[in-house]
Amino acid sequence: MKISDPVSTVSGVGPKKEQVLKEAGIETLGDLLAYFPRSYEDRRNVRPIADLKPGETALIEATVLSRRYSGNPYKKNTPLSLLITDGSANAEVVYFNGHYLAKLFAVNETYVFYGRMTENFARRQFVHPEFTRAGSKDDVREILPVYPDLPGLSQKEMRRLQHEIAALADEMPEWLPADLVHEQRLCSPAYAVRNLHFPVDGRKVLEAKYRLVFEELFTLETGLMLVRGSSRSTRRAVSFPCAAGDRFAASLPFSLTAGQQEAWQAIKADLESPKRMNRLLQGDVGSGKTVLAQMAMLAAADAGYQSVIMAPTELLARQHYESFQRDLSGKGLTIELLISSIPKKEKDRILRSVEDGSCTMLIATHAVLEENVVFANLGLVITDEQHRFGVSQRRRLSAKAEDANILVMTATPIPRTLAVILFGDLDVSQIRTMPAGRQPVKTTLVRREERGKMYRFVASQLREGRQAYVVAPLISESEKIEALSAEELYEELVRKLKDFRVALVHGAMKAEEKSQVMEDFAAGRIQVLVSTVVIEVGINVANASVMVIENAERFGLAQLHQLRGRVGRGTAESYCFLVTDSSSEIAVKRAEIMCQTTSGFEIAEEDLKLRGPGEVFGTRQHGLPELSLADLARHQDVLERAAQAAKKTVQEDPDLQAPTHQEVRKRVERMFRGNISLDL
């Protein structure tokens, strides 16, 4: 047998199993060897039942004292209950499909069980443990690999298949460049394959896993470098001094926080360097990103360059425009607002001012991406809430001036790990400090029976002149999803809070209608805004002090944090209520995290651990390939080393055409399914 042979070469792999393996991407024996375990079960040592704590998984050897099965040949799921003992303690073993298993157990016979011990009414219990007769040929006491599940293929069968082709491990070729293998102190592919499939020593398993995790992350990062053309990151750009930004900071009635100062120094160094700035600026709502954008745009204007900031919504663009007009008045600047809803005559005037250079700063929505928007001398491009824009939109904006500096900002904190993955072409700055005097929002978990008390508190805040948001996960009532809708909540609160004006806003409304409701709320004409997540980004009302999130279990941590960020923007103490009756482990954990911290970065890290990168940042929607061994929450240090190695490789050989990089390119194309021009 050779690693290039089809999987059907192995005995026991007929057409059905061959199809199952093919659907999992396993067509050759080499592919089968590269199908690695996701975890291991240590079945070397038997443990006494009395020593086990609830929740522990262990191997036990015990004798059946009694067997209870009210067998009904017509009911296959009649439970089988065994009372067992190992001399240290008794326990109950339960199988719900007793019809098939009852005849396999005999009283006074000894069996080996492997499973998780729980407590049921103070009684030790194992539900559906694996078992075998003690001393039989299947009674194997070793570390067993556990493979990702495949339909129609048991763990036992997969282990047998791997043993059948074990000798082929020595054929696995080295495909990474020799200098990289030496620099990262990587074991050989053959060593890695043998020790992952047939583990005998914990240290060797770790060495093997490091090799495979590194090569997977190196392949991913190399692909992303090619996708983004990061070899162009050394391209020269316009550079200019930033003294005007420093002067503006010194004139402010407050001091920049330590986080702002650190981020400004990095931005300043970029702008004063001949290398093009490509920087991601992360910071929670209210951390002061806009001030840094103003400082950078002032520096560009002082040097004679235009700048543009693109926002995802008209509401956010208007807010930026108003704050820029207020904060930068008297400096001789022409600041224009370009959004889709402005009249054609006004739009034409703005376009002329952008093209002839008389417009110094442009605040815009995606309307700026249109071909008829031409800049005279663009030196700085900023995108705000960048996750609302695709990479293609960001590219179209930066293409307005090939030598312009790029700054992208987000109030959605992303773990540095994911930032490296998703924004490999960008340097990352994080503002982790909040301005002095900003009070943290008090967050409370509210059970369904406490809603009345909570809404009485909301009414007391409204009587003090404050405003409140109430958020629901659905627009309308649903037969399939058990959750309150925004429409139901609106009708309920109109009755409950009849002394106050309550309004409804959701994504299905017309844009003008939605904007009008939000503007009325911002102006204080509405006291309670019932909404779906359309208010997650882009509305800033300092007078709002209460955020109520109904059915909080239906929102992710990042969404909950963004919604909570809508309050706490003024001087009054602010409150966030998470309403849920869910007892699911993830829902409870999310609520605990939200109540314990207001740091978006801590929340983002916890979200990554809870849900994984695919859900946290929509990496599946972004087209990122799935990872089989690497875990972005746990392998952050390996990811950073792999990213550095990938960057160096692509800078030295942008098209991976060197003989030492031919196999690297093949692996990248296979991981990205041949789509190296992938538009993330």
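Start at 1 with the first residue, then count along the sequence.
For the pair Glu553 and Arg590, the salt-bridge criterion is not met [side-chain N within less than 4.0 Å of a carboxylate O]. The pair Glu492-Arg451 meets the salt-bridge criterion, with a side-chain N (NZ, NE, NH1 or NH2) lying under 4.0 Å from an Asp/Glu carboxylate O.
Looking at heavy atoms from C-beta onward, Lys345 lies out of side-chain contact with Arg349 at the 4.5 angstrom threshold. A heavy-atom distance below 4.5 Å is not found between the side chains of Val548 and Tyr469. With contacts defined as side-chain heavy-atom distances shorter than 4.5 Å, the pair Asn551/Val579 does not qualify. Considering only heavy atoms from C-beta on, Ile382 stays 4.5 Å or farther from Asp384 through its side chain. Side-chain atoms of Arg554 and Thr580, non-hydrogen and from C-beta on, never get closer than 4.5 Å to each other. Residues Met509 and Val517 form a side-chain contact, since some pair of their non-hydrogen atoms from C-beta on lies under 4.5 Å apart. At a threshold of 4.5 Å between non-hydrogen side-chain atoms, the residues Ile363 and Leu338 do not count as touching. Side-chain contact between Val471 and Thr532 is absent, with no heavy-atom pair separated by less than 4.5 Å.
Asp520 places no side-chain N or O within 3.5 Å of a backbone atom of Ile526 that could act as its donor or acceptor partner. Distance alone, capped at 3.5 Å, is enough to place a donor-acceptor pair between the Glu56 side chain and the Lys53 backbone. Judged by distance alone, with hydrogens and angles left aside, the side-chain atoms of Glu314 form a donor-acceptor pair with the main-chain N or O of Ser341 at under 3.5 Å. Under a 3.5 Å cut-off, the side chain of Gln461 and the backbone N or O of Val458 do not form any donor-acceptor pair. Looking at Arg279, its side chain never comes within 3.5 Å of a backbone N or O of Met409 through a donor-acceptor pair. In this structure a side-chain-to-backbone donor-acceptor pair under 3.5 Å is missing from Gln282 to Gln430. At distances below 3.5 Å, not a single donor-acceptor pair connects side-chain atoms of Thr365 with backbone N or O atoms of Ile339. Checked by atom type and distance alone, the side chain of Ser574 pairs as donor or acceptor with a backbone atom of Gly568 at under 3.5 Å. Proximity of a side-chain donor or acceptor of Arg495 to a complementary backbone N or O of Glu491 within less than 3.5 Å is detected. The closest donor-acceptor contact from the side chain of His320 to the backbone of Ile309 lies at 3.5 Å or more, if one exists at all.
Here the CG-OG distance, from Leu362 to Ser353, works out to 7.5 Å after rounding to the nearest 0.5 Å. To the nearest 0.5 Å, atoms CG (Leu252) and CD (Gln294) are separated by 8.0 Å.
Annotation: Gln125, atom CD; neighbour count of heavy atoms from other residues, nucleotides and ligands within 6.0 Å is above 12. For Arg116, the CZ atom sits in a loose shell: 12 or fewer heavy atoms of surrounding residues, nucleotides or ligands are nearer than 6.0 Å. By the neighbour-count criterion of 12 heavy atoms within 6.0 Å, atom CD of Glu371 is sparsely surrounded, having that number or fewer from other residues, nucleotides or ligands.
Of all the heavy atoms in Leu462 and Leu497, the pair that sits closest is CD1-CD1, 4.2 Å. Heavy atoms only, all atoms of each residue included: Tyr455 and Leu489 are closest at OH-CD2, 3.8 Å. Scanning both residues, Ala486 and Val530, for their nearest heavy atoms gives O-CG1, 3.5 Å. A pairwise comparison of heavy atoms in Met547 and Leu563 identifies CE-O, 3.0 Å as the closest pair. Taking all atoms of both residues into account, the shortest heavy-atom contact from Leu150 to Ala24 is CD2-CB, 3.6 Å. Closest approach of Gln467 to Val541, counting heavy atoms only: OE1-CG1, 3.7 Å.
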Output, in order, the C-alpha distance, side-chain angles, deciding distance and verdict of salt bridge (Lys or Arg N to Asp or Glu O under 4.0 Å) for Glu519 and Arg525. CA-CA 9 Å; Glu519 283 177 22; Arg525 292 186 287 271; 5.8 Å; no
Using salt bridge (Lys or Arg N to Asp or Glu O under 4.0 Å), reason through Arg447 and Glu450 one step at a time and then give a plain yes or no. CA-CA 5 Å; Arg447 292 296 177 183; Glu450 300 170 316; over 6 Å; no
Working for side chain to side chain contact (heavy atoms under 4.5 Å, CB included), residues Val567 and Ser545: CA-CA 5 Å; Val567 297; Ser545 64; 5.8 Å; no
Going through the distances and angles, do Lys442 and Glu573 end up as a salt bridge (Lys or Arg N to Asp or Glu O under 4.0 Å)? CA-CA 8 Å; Lys442 287 188 175 180; Glu573 191 161 37; 3.2 Å; yes
Please evaluate residues Glu370 and Lys347 with respect to the criterion salt bridge (Lys or Arg N to Asp or Glu O under 4.0 Å), reporting the C-alpha separation (whole Å), side-chain torsions for both, the decisive distance (0.1 Å), and the verdict. CA-CA 12 Å; Glu370 295 174 11; Lys347 185 177 181 181; 3.3 Å; yes
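Phe457 and Tyr575 have perpendicular rings, their planes meeting at more than 60° on a 0 to 90° scale where under 30° would count as parallel.
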